[in-house]
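Here is the naming used below: chain letters follow the sequence lines, and residue numbers restart at 1 for every chain.
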Amino acid sequence: MIKIRLNGKTVEIERGKRISDQVKDRKYIAARINGELVDMATKITEDSSLELVDFSCDDGKKIYWHSSSHVMAMAVKKLFPEAKLAIGPAIDQGFYYDFDTKTPFSTDDLTRIEAEMRRIIEQDIPFERVEMEKQAAIDLFDGTSESFKVQLIEGLDDENISIYRNGDFADLCRGPHVPSTGYIRSFKLLSVAGAYWRGDVNEVMLSRIYGISFPEVDELNDFLEKVEEAKKRDHRKLGTELELFSIFEEAGAGLVYWHPKGAVLRRIIEDYWIQEHLAAGYKINITPHIARGQLWQKSGHYDFYIDNMYVMPVENEEYVLKPMNCPGHILIYKSRVRSYRELPIKYAELGTVYRKELSGTLHGLLRVRGITIDDAHIFCQPEQIDDEIVKVLELTKKFMNHFGFYDFRVELSVRDPKEKTKYMGTDEEWERAERGLVNALDRIGFSYTRMEGEAVFYGPKIDIKLVDALDRKWQAATVQFDFNLPRRFDIEYMDKDGQHKKVMVIHRAIYGSLERFIGCLIEHYAGSFPVWLAPVQVVVMPITDKENKYAESILKKCRKAGLRAELNNKSEKINYRIREVEVSKVPYMLILGQREVVDKVVSVRKHKEGNLGQMKLKDLFHLIESEQGGAN
RNA sequence: GCCUGGAUAGCUCAGUCGGUUAGAGCACGUCCUUGGUAAGGACGAGGUCGCCGGUUCGACUCCGGCUCCAGGCUCCA
């Protein structure tokens with residue numbers, strides 16, 4: 001007999017019994033023995049602590065979805081025997097499987113595959129773990145012409161390979177899995193997509209099927225409903241409805257036309273940025289949109305980035321539409337000799353750059369070809385790095401919180417220690433820079449993920465990512481060291497000791513791009529902007545024509561007080577107009593009838609909250625003023 | 001750029017198995033209505049059915065190319 005500890009109790013069981021012999025509840029799909037995830041069919045051979053895993057935890061979901069992908073692969077192999085298996089992992093929301101097929105799957109195929117999956121689930125086929133030597137596994141998959149599996153196994157370091165079998169279907173897999181196919185209760189195949197083998201453009205394109213599954217039907221319905229709800233927050237939909245911006249086919253993809261309401265929103269965001277940056281010691285500059293090709297040759301962009309640049313002839317020369325703001329800022333820095341006394345010099349610009357992004361990557365405001373970067377370059381001495389990074393992160397945090405973002409992902413990208421030669425700059429520079437970044441992250445209290453090998457060749461960086469309505473991550477803020485441009489442009493400062501020394505350059509952006517940031521912001525607020533951001537803050541509505549004059553005077557006073565106010569006195573009933581304005585998500589309505597005229601007050605209705613009753617105009621101004629701070 | 005879908009009025013969508021005048025709701029305009037906290041009524045205007053070619057007596061519909069859009073992949077110096 002051996003002892004196992006389960007749910008705080010110690011139980012004695014026979015050695016070699018399976019977990020599933022002990023636990024009959026089908027809610028549990030896997031277990032942890034001494035912390036290690038295992039199948040329910042695992043035999044217990046020694047004293048151990050046992051935990052049961054169900055769908056409610058992240059590990060449980062991963063196992064459930066991964067098993068679902070196997071079921072899908074079984075169905076596909078049944079219907080399309082010639083399809084070769086590639087990989088089929090669980091992802092954050094569901095699972096996918098990649099197949100190599102002669103003709104890619106169409107959306108019509110999904111229905112057939114779903115039907116076959118249902119049959120497989122009904123048969124409740126067990127998942128069986130089989131372990132074998134590497135060569136045996138290679139032979140097995142070679143025998144079934146599963147060349148991708150063979151490639152995968154050949155890439156593994158382990159000499160022991162685990163395979164999961166369901167009847168005559170076998171798949172290379174670390175596991176664990178649910179005990180049998182019947183555990184997959186409620187599922188849906190969501191979409192098909194092309195995906196390159198190993199994510200490499202030069203490799204074959206596979207056909208990927210995405211799906212989702214849950215133990216309960218209700219959970220699937222909730223999931224699908226949530227996706228539908230999220231689509232209502234889509235900035236592209238809200239952008240049209242709220243008349244914020246357009247992208248015109250006839251004018252070109254990825255190029256944003258800001259309508260008056262979007263333009264005023266953007267202007268507020270820009271004004272706030274300029275005000276905060278001036279206060280933080282940045283100097284604003286403005287640089288042209290085009291520059292001679294040779295400037296970009298000097299910066300290195302011409303060699304590294306030419307595919308993304310718009311190049312045009314001007315007389316006998318080539319000019320380039322700027323893809324970056326850096327060279328411009330460097331020219332201004334270099335315009336005269338700089339003293340250590342001036343450093344740090346911080347140049348900031350809301351600079352619109354143009355990049356030839358691939359058509360397939362464009363996405364509303366979140367991925368465009370005309371990108372307005374809230375760019376700044378910090379020129380400083382090496383010993384100023386730490387303080388400057390901290391200041392950048394402090395400012396970033398202030399901005400994020402001001403716009404109501406408290407939850408975002410922070411990534412620290414450093415070089416690949418195995419391939420140091422791929423990178424520009426000395427070891428000392430890299431180490432010092434990384435120390436500065438880590439130190440700043442710790443001081444600000446940002447938790448972050450360290451991404452080894454994710455740094456760009458010219459320096460380490462910190463990226464901050466925001467999420468859209470569908471939880472997709474988009475890079476916003478970034479702080480990047482640059483060991484390349486100072487060398488290429490030979491930019492220096494005169495130090496205390498009378499020596500010219502190389503200046504450090506730090507690129508940084510907080511919004512990332514105005515376009516992307518506003519896209520995220522629209523989805524974050526679902527179009528109901530706090531009053532300080534709302535393109536229209538107040539709509540004045542006389543109930544009948546008799547109040548028109550009073551309404552005009554109120555409108556004038558609102559505008560004089562600096563509010564973005566409009567009049568709505570169209571020939572519709574007040575209920576109709578209230579609905580109209582409510583739907584347009586304007587924070588405040590002022591409803592004016594005879595009572596208000598006589599008492600010299602306004603009747604206030606707040607978006608989403610309803611009637612606040614009558615108040616003096618002055619009190620409304622105080623109320624709005626109290627909300628102007630942002631975030632709510 | 002690659003894969004799978006898609007494009008009909010400003011918006012959301014119906015429709016046409018190839019046939020003469022392509023519909024609805026919302027929005028918009030005019031008129032009636034002057035209504036107290038989420039949709040009053042009548043009438044009206046609005047479409048090269050994404051673009052270019054081909055097949056056909058005839059194409060919005062079928063075929064090809066292109067553009068753009070969606071979801072992915074890749075890229076994101």
Side-chain angles (χ1 to χ4, degrees), chain A residues 91 96 98 101 103-110 190-210 227 231 234 236-237 240-241 243 246-254 296 299-309 323-324 326 353 355-364 367 371 424 456-459 463 470 472 474-475 478 480 482 484-485 507 512-513 516 541-548 569-583 589-596 603-614:
Chain A
I91 51 177
Y96 69 78
D98 286 346
T101 56
T103 45
F105 297 116
S106 79
T107 40
D108 294 338
D109 295 327
L110 297 187
L190 300 170
S191 59
V192 292
Y196 301 106
W197 168 239
R198 297 203 149 134
D200 186 340
V201 197
N202 301 311
E203 291 280 3
V204 58
M205 176 154 281
L206 306 167
S207 188
R208 174 174 297 180
I209 303 178
Y210 283 93
V227 172
K231 283 184 187 156
D234 191 314
R236 294 164 298 185
K237 185 176 157 69
T240 307
E241 283 172 9
E243 297 188 281
S246 293
I247 295 170
F248 299 107
E249 177 176 348
E250 62 198 306
W296 304 100
S299 70
H301 291 103
Y302 207 96
D303 293 330
F304 288 110
Y305 206 55
I306 186 70
D307 290 347
N308 288 287
M309 300 187 340
M324 308 264 171
C326 340
V353 301
R355 300 180 182 172
K356 276 191 206 166
E357 301 291 347
L358 294 176
S359 58
T361 66
L362 300 175
H363 184 99
R367 188 67 185 251
I371 307 158
M424 194 97 195
V456 275
F457 79 87
Y458 53 76
D463 292 325
L470 289 171
R472 293 174 293 207
W474 299 90
Q475 183 182 319
T478 185
Q480 312 189 352
D482 194 325
N484 179 44
L485 290 177
H507 306 266
S513 93
R516 178 176 288 180
M541 293 201 283
I543 292 174
T544 75
D545 291 346
K546 293 189 207 78
E547 294 87 29
N548 266 343
N569 62 350
K570 66 168 73 163
S571 171
E572 291 287 355
K573 284 169 92 169
I574 193 69
N575 277 0
Y576 178 93
R577 284 178 284 153
I578 286 172
R579 179 173 194 281
E580 184 178 40
V581 178
E582 192 69 36
V583 167
M589 281 177 239
L590 304 185
I591 292 156
L592 310 176
Q594 275 310 297
R595 297 205 286 269
E596 287 74 20
S603 191
V604 179
R605 183 187 163 100
K606 190 170 184 184
H607 177 54
K608 283 185 176 165
E609 290 179 28
N611 193 356
L612 302 187
Q614 296 183 337

message: Measuring only between side-chain heavy atoms, which start at C-beta, is A:Leu485 closer than 4.5 Å to A:Tyr458?
response: no
task: Quick one: label A:Glu596 by what it contacts on the DNA or RNA (base, sugar-phosphate, nothing), any heavy atom closer than 4.0 Å.
output: base
query: In chain order, what residues pass the salt bridge (charged side-chain N to carboxylate O under 4.0 Å, His left out) check against A:Glu582, with sequence neighbours excluded?
result: A:Arg605
message: Under 4.0 Å, counting only non-hydrogen atoms across every strand here, what does A:Gly199 touch: a base, just sugar-phosphate, or nothing?
response: sugar-phosphate
message: Heavy atoms only, 4.0 Å cut-off, all strands: where does A:Phe457 land among base, sugar-phosphate and nothing?
response: base
- prompt: Distance-only, no hydrogens or angles: does the A:Ser207 side chain make a donor-acceptor pair with backbone N or O of A:Phe105 under 3.5 Å?
  reply: yes
message: Over all strands shown, is A:Leu362 touching base, sugar-phosphate only, or nothing at heavy-atom distances under 4.0 angstrom?
response: sugar-phosphate
task: Looking at every strand, decide which applies to A:Leu358 at a 4.0 Å heavy-atom threshold: base, sugar-phosphate, or nothing.
output: base
message: Students often get this wrong, so: under 4.0 angstrom with heavy atoms, is A:Asp200 touching a base, only sugar-phosphate, or nothing?
response: nothing
task: Determine the contact category for A:Glu250: base if any of its heavy atoms lies under 4.0 Å from a base atom, sugar-phosphate if only primed atoms, P, OP1 or OP2 are that close, otherwise nothing.
output: nothing
- prompt: In which ranges does RNA chain B form stems of 3 or more consecutive Watson-Crick or G-U pairs, distances under 3.5 Å?
  reply: B:1-7 with B:67-73, B:10-13 with B:23-26, B:28-32 with B:40-44, B:50-54 with B:62-66
- request: Select from A:Leu470 and A:Phe304 the residue whose nearest nucleotide in RNA chain B is closer to the 5' end of that strand.
  value: A:Leu470
query: Using the P atom in both, what is the distance from B:C2 to B:G65, to the nearest Å?
result: 12 Å
task: Heavy atoms of chain A, cut-off under 4.0 Å: which first and last nucleotide of RNA chain B, 5' to 3', fall inside that, if you could look?
output: B:G1 to B:A77
message: Regarding A:Glu572, tell me which of base, sugar-phosphate or nothing describes its non-hydrogen contacts under 4.0 Å with the strands shown.
response: base
- request: Specify whether A:Trp296 and A:His301 have parallel, tilted or perpendicular ring planes, treating 30° as the upper limit for parallel and 60° as the lower limit for perpendicular.
  value: perpendicular
task: Check salt bridge (charged side-chain N to carboxylate O under 4.0 Å, His left out) between A:Glu580 and all other residues, then give those that pass, not counting sequence neighbours.
output: A:Lys570
- prompt: Using atom P of each nucleotide, how far apart are B:A14 and B:G6 to the nearest Å?
  reply: 12 Å
message: I'd like to check the salt bridge (charged side-chain N to carboxylate O under 4.0 Å, His left out) partners of A:Glu357; sequence neighbours left out, ordered by chain and number.
response: A:Arg367
message: I'd like to know if A:Asp234 and A:Arg236 make a salt bridge, using a cut-off of under 4.0 Å between side-chain N and carboxylate O.
response: yes
- prompt: If each of A:Glu241 and A:Ala193 is mapped to the nucleotide of RNA chain B with the nearest heavy atom, which maps nearer the 5' terminus, i.e. the 5' end?
  reply: A:Glu241
message: For A:Glu609, give me all partners under salt bridge (charged side-chain N to carboxylate O under 4.0 Å, His left out), at least two apart in sequence or on another chain.
response: A:Lys606
query: Are any side-chain N or O atoms of A:Ser106 and backbone N or O atoms of A:Asp108, one a donor and one an acceptor, separated by less than 3.5 Å?
result: yes
message: So A:Arg208, base contact, sugar-phosphate only, or nothing? Heavy-atom distance under 4.0 Å.
response: sugar-phosphate
message: Would you measure the distance from the P atom in B:G64 across to the matching atom in B:A7 and give it in whole Å?
response: 16 Å
- request: Take atom P in B:A59 and the same atom in B:C52, then report the distance between them in whole Å.
  value: 14 Å
- prompt: So what does A:Asn575 touch, heavy atoms closer than 4.0 Å: a base, only the sugar-phosphate, or nothing?
  reply: sugar-phosphate
query: Mind checking the P distance from B:A38 to B:A42? Whole angstroms is fine.
result: 23 Å
query: Is there a donor-acceptor contact under 3.5 Å from the side chain of A:Arg577 to the main chain of A:Pro542?
result: yes
- prompt: Looking for any heavy atom pair under 4.0 Å, which part of the strands does A:Met589 touch: base, sugar-phosphate only, or nothing?
  reply: nothing
task: For A:Ser359, report the nucleic acid contact type (base, sugar-phosphate, nothing); a contact means any heavy atom under 4.0 Å.
output: base
